[in-house]
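Here the structure comes first, spelled out in C-alpha cells, and everything after it is commentary.
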Amino acid sequence: MKRILLSLTLLIASVAHADAVDALRDFGRDVKSGKANFTQTVTSPDGKRKKVSSGSFEFQRPNQFRFAYAKPFEQVIVADGQKVWIYDADLNQASSRKLADALGATPAALLAGANLERDFTLKAQPSDGGLDWVLAVPKQADAKQAESTIQSLKLGFKGKELAAMEIVDAFGQRSRLDFSAVQTNVPVAAERFQFKLPAGADLIEQ
C-alpha cells in the first residue's frame with residue numbers, strides 16, 4: 001500500500017510540474033502583451049538583510065517592456081525594441097545601451113522576448129509556496145555572459161497565471177518579484193515603451 005501511495009504521489013507531482021512547464025510555454029507562445037503590479041524582495045546571500053520595492057510592469061512582444069519602480073525610490077527601465085534605457089529620478093540621470101547588449105538571456109528577455117523555446121531550456125521544479133515552478137536555463141551563445149551575473153532564474157505559476165519570478169545572482173543574492181493584478185493580451189500604449197530624457201537629466205550612453 002505504501003508503494004502505491006508513493007507512486008501516486010510521484011505521479012501527481014510530475015503532472016503538476018509538467019503543467020507548470022506547459023503554462024510557461026503557453027505564456028511565451030500566446031501572450032503578446034501584458035501589464036502587472038509587482039513587489040520585489042531582494043535578500044542578501046546570508047538571508048539576514050532584505051530590501052523591498054514595488055512598482056508596475058508592462059510589455060509588448062517582441063522586446064518592448066517598461067519596469068517602473070515607485071517605492072522606495074523612483075526608477076524606470078524602458079526597452080523600445082532597439083535600446084534599453086534606465087532612468088534614476090533621484091540622480092536625474094539616464095543611461096542607455098543597445099538592446100542586444102543589454103538583454104541577452106535575462107529575465108526581461110524571458111518575459112518580453114520573441115522566442116522563449118529558442119532562448120531557454122525549461123526544467124520543472126518542485127512546487128513551493130503554493131506555486132508550480134519552472135527553471136529557465138539560457139542556451140544561446142550569449143548565455144555565458146548571462147551566467148556571469150545570473151546563477152538561476154525561475155518562474156512560478158498559479159495554474160496558468162504567472163505569479164512570481166526568482167533570480168539568484170552570481171554572488172548568491174536572491175531577488176523575488178511577486179506579481180499581482182496581472183492582465184494579459186491587453187492594449188498597451190506605444191508611448192509606454194518610448195523614453196524621453198527629462199529636462200536637465202544627464203545621459204550616459206554605452
Side-chain angles (χ1 to χ4, degrees), residues 24 27-28 31-43 50-114 116 119-120 134 136 138 142 145-146 149-157 161-169 173-198 201-206:
L24 180 52
F27 179 87
V31 177
K32 305 304 181 185
S33 65
K35 57 177 66 175
N37 298 326
F38 68 84
T39 299
Q40 179 175 337
T41 304
V42 179
T43 306
K50 290 187 178 183
K51 294 181 180 179
V52 179
S53 55
S54 61
S56 61
F57 170 60
E58 300 162 277
F59 73 93
Q60 176 83 44
R61 296 184 192 273
N63 298 331
Q64 294 181 310
F65 60 85
R66 182 185 187 93
F67 275 98
Y69 289 85
K71 297 178 180 180
F73 305 108
E74 290 186 26
Q75 186 184 60
V76 177
I77 305 172
V78 179
D80 61 10
Q82 300 297 323
K83 287 187 174 183
V84 176
W85 306 81
I86 301 175
Y87 174 67
D88 189 314
D90 282 352
L91 298 176
N92 199 25
Q93 183 179 85
S95 63
S96 72
R97 60 190 305 186
K98 292 180 180 179
L99 183 69
D101 296 335
L103 206 56
T106 64
L110 192 148
L111 291 174
L116 177 66
D119 298 334
F120 296 89
V134 182
D142 58 358
Q145 180 180 353
T149 56
I150 297 177
Q151 190 179 117
S152 68
L153 170 59
K154 298 194 302 181
L155 288 95
F157 283 83
E161 183 174 294
L162 177 64
M165 174 182 285
E166 189 173 280
I167 306 109
V168 179
D169 68 20
Q173 179 174 267
R174 186 179 305 272
S175 298
R176 172 162 171 161
L177 287 88
D178 289 283
F179 298 104
S180 62
V182 177
Q183 302 177 61
T184 57
N185 291 325
V186 294
V188 182
E191 56 263 27
R192 298 296 291 167
F193 310 115
Q194 298 170 0
F195 179 78
K196 294 181 179 179
L197 187 68
D202 295 323
L203 175 62
I204 302 171
E205 294 190 88
Q206 300 177 2

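Quick note: numbers below take in every heavy atom, side chains included, and nothing from hydrogens, waters or symmetry partners. This chain uses plain numbering: 1 for the first residue, then up along the sequence.
Taking CZ of Phe27 as the start and CZ of Phe157 as the end, the distance is 6.5 Å to the nearest 0.5 Å. Between the CZ atom in Arg66 and the CG atom in Asp80 there is a gap of 11.5 Å [rounded to 0.5 Å]. How far CD of Gln183 is from CG of Asn185: 11.0 Å, rounded to the nearest 0.5 Å. Between the OG1 atom in Thr43 and the NZ atom in Lys51 there is a gap of 11.5 Å [rounded to 0.5 Å]. The line from NZ of Lys71 to OG of Ser53 is 12.0 Å long, rounded to the nearest 0.5 Å. Taken from CD in Glu161 to OG in Ser180, the straight-line distance is 9.5 Å, to the nearest 0.5 Å.
When the side chain to side chain donor-acceptor pair (under 3.5 Å) test is applied to Gln60, no partner is found at least two apart in sequence or on another chain. Legend: residues meeting ring pair (Phe, Tyr, Trp, His ring centres under 6.0 Å) with Phe67, ordered by chain and number and at least two apart, are Phe38, Phe57. Annotation: side chain to side chain donor-acceptor pair (under 3.5 Å) contacts of Lys83 (sequence neighbours excluded): Glu205. Remark: Asn92 engages Tyr87 in a side chain to side chain donor-acceptor pair (under 3.5 Å) (not counting sequence neighbours). When the side chain to side chain donor-acceptor pair (under 3.5 Å) test is applied to Glu58, the partners found at least two apart in sequence or on another chain are Arg192. Taking the side chain to side chain contact (heavy atoms under 4.5 Å, CB included) definition, one finds that Ala164 meets it with Leu131, Trp133, Arg176, Asp178, sequence neighbours left out.
No side-chain heavy atom of Gln194 sits less than 4.5 Å from a side-chain heavy atom of Val78. Between Ile167 and Leu177, the closest side-chain pair of non-hydrogen atoms falls below 4.5 Å. Side-chain atoms of Val134 and Lys154, non-hydrogen and from C-beta on, never get closer than 4.5 Å to each other. A heavy-atom distance below 4.5 Å is found between the side chains of Gln40 and Tyr69. With contacts defined as side-chain heavy-atom distances shorter than 4.5 Å, the pair Trp85/Val76 does not qualify. A heavy-atom distance below 4.5 Å is found between the side chains of Ile86 and Gln75. Counting only heavy atoms from C-beta outward, the side chains of Asn63 and Phe193 never approach each other to under 4.5 Å.
A distance-only check finds a donor-acceptor pair linking the side chain of Arg61 to the backbone of Val31 [under 3.5 Å].
Across all their heavy atoms, Val188 and Gly34 have their closest contact at CG2-O, 4.0 Å. Contact between Leu162 and Leu155 at its shortest, heavy atoms only, is CD1-CD2, 3.5 Å. The two residues Val186 and Ser33 come nearest to each other via the heavy atoms O-OG, 2.7 Å.
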Working for side chain to side chain contact (heavy atoms under 4.5 Å, CB included), residues Met165 and Leu153
CA-CA 7 Å; Met165 174 182 285; Leu153 170 59; 4.0 Å; yes

Begin with the C-alpha distance, continue with both residues' side-chain angles, and end with the deciding distance and a verdict on side chain to side chain contact (heavy atoms under 4.5 Å, CB included) for Lys50 and Val42.
CA-CA 5 Å; Lys50 290 187 178 183; Val42 179; over 6 Å; no

Steps toward side chain to side chain contact (heavy atoms under 4.5 Å, CB included) verdict (Ile77, Phe65):
CA-CA 8 Å; Ile77 305 172; Phe65 60 85; 4.1 Å; yes

Side chain to side chain contact (heavy atoms under 4.5 Å, CB included), that's the test. Do Ser56 and Lys35 meet it? Break it down for me.
CA-CA 7 Å; Ser56 61; Lys35 57 177 66 175; over 6 Å; no

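Heavy-atom contacts from other residues, nucleotides or ligands closer than 6.0 Å to CD of Gln93 number more than 12. Counting non-hydrogen atoms of other residues, nucleotides and ligands closer than 6.0 Å to NZ of Lys32 gives a total above 12.
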